[in-house]
Amino acid sequence: MNAAQPLITPGRKTKGRNNIPIKSTDVFKSIVANLEQHKLTTFSVLHIAQSNMVQHRRVYDFFNLMTSLGVCKVASKGNLEWIGIDKAETSISDFYDELEVHALSSNFSLTFNLVSSPSLGNLAYHVIGLFLYLNMETLSLKQISRVFHDGKSDIRSLERRLYLVLSFLEVINLIKRSVQVGHYTLHVNREFMIKKAWEKRKEAIKISNLVSIESLLSHSDKALIHDAYKYRQRCFFEVMYKYFLNK
DNA sequence: AGTAGGTCTGAACGGTCTTT
DNA sequence: AAAGACCGTTCAGACCTACT
């Protein structure tokens with residue numbers, strides 16, 4: 001069987017965006033709303049695709065990401081169990097704790113330079129991790145892709161997948177489109193996540209006796225964190241600048 | 001107004017892995 | 001081995017925006 005065969009007649013070849021009244025993100029939003037109402041029910045991915053008239057390939061992508069975020073889990077082959085979109089913030093916050101600890105012994109490029117062909121879940125975690133790590137309100141898709149790109153694979157493929165990830169994160173309200181085209185804003189409890197991650201960082205330093213800038217300076221936490229973000233953002237803009245020069 | 005280039009999305013190809 | 005599930009990648013084309 002060719003997995004690419006759509007179950008539902010596609011509308012793209014002969015019709016433009018004008019002729020497709022409902023966007024797939026809207027369909028996914030309604031699917032999510034429906035699943036939220038009936039938590040802990042198992043469902044078939046193919047059934048969701050068929051009953052919502054969406055190509056099953058798209059549905060696989062969406063639920064693959066939701067599974068990575070802990071929003072649902074695999075019940076059996078082709079069947080999933082809905083847990084709830086609240087779980088996504090918890091999963092992301094836990095991931096970000098680890099990222100901050102990992103960053104103690106790694107630099108900016110190494111922390112965010114992903115292997116070629118990262119999974120949608122891995123991309124999603126790192127997208128949100130990047131927002132938090134830099135403590136920036138808005139990032140563009142291009143900026144994100146440049147940070148993640150390994151320099152070898154085709155960046156367009158990474159960009160295509162980032163479009164998917166960002167639109168799926170928008171479905172569960174973790175990301176919102178900014179007024180500026182191609183720019184996205186993070187919508188999570190940023191303050192809480194950052195505070196929690198910095199606490200974990202401090203714990204990690206204590207446990208491992210790591211000699212870090214933090215352990216040497218007598219700054220107050222606030223000033224230290226402020227300086228750290230300034231430095232991180234400088235590293236980020238250096239990556240952007242280098243990319244521009246190599247273009 | 002015309003247009004070139006960028007953004008975004010749907011669709012399909014082709015492959016791997018798992019199940020029967 | 002065949003069928004089915006799953007997923008990375010690529011392409012085409014509609015839409016958007018900035019520039020002339």
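Order of the sequence lines fixes the chain letters, A, B, ..., with proteins taken first and strands second; residue numbering starts at 1 for each chain. These values consider heavy atoms only, across backbone and side chains, with no hydrogens, waters or symmetry-generated copies.
- Remark: P of B:dT7 and CD of A:Glu170 are 17 Å apart, rounded to the nearest angstrom.
- Atom pair A:Phe168:CZ and C:dC7:P shows a separation of 11 Å (rounding to whole Å applied).
- Remark: A:Tyr60 pairs with A:His56 by the ring pair (Phe, Tyr, Trp, His ring centres under 6.0 Å) rule, at least two apart or across chains.
- For A:Tyr60, no side-chain nitrogen or oxygen approaches OP1 or OP2 of C:dC7 to under 4.0 Å.
- In this structure, A:Phe148 atom CZ and C:dG8 atom C1' are separated by 17 Å, rounded to whole Å.
- Whole-Å rounding puts the A:Arg161 CZ to C:dC11 C1' distance at 16 Å.
- The two residues A:Ala124 and A:Val165 make their nearest non-hydrogen contact at CA-CG1, 3.6 Å.
- For the pair A:Leu164 CG and C:dC11 C1', the computed distance is 15 Å after rounding to whole Å.
- With A:Tyr133 as the aromatic partner, A:Arg232 meets the cation-pi criteria of under 6.0 angstrom to the ring centre and within 45 degrees of the ring axis.
- Here B:dG6 presents its P atom at 11 Å from CD of A:Glu159, a figure rounded to the nearest Å.
- In this structure, CG of A:Leu120 is placed 8 Å from P of C:dC7, rounded to the nearest angstrom.
- The shortest distance between the side-chain N/O atoms of A:Arg160 and the OP1/OP2 oxygens of C:dT10 is not below 4.0 Å.
- Rounded to a whole Å, the CD atom of A:Gln143 is 15 Å from the C1' atom of B:dG6.
- In this structure, A:Asn64 reaches the sugar-phosphate backbone alone: every heavy-atom distance under 4.0 Å involves primed, P, OP1 or OP2 atoms, never a base.
- Put simply, A:Tyr184 has a side-chain N or O that comes within less than 4.0 Å of OP1 or OP2 on B:dC8.
- Side chain to side chain, A:Glu100 and A:Tyr96 meet the donor-acceptor criterion of an N or O pair below 3.5 Å.
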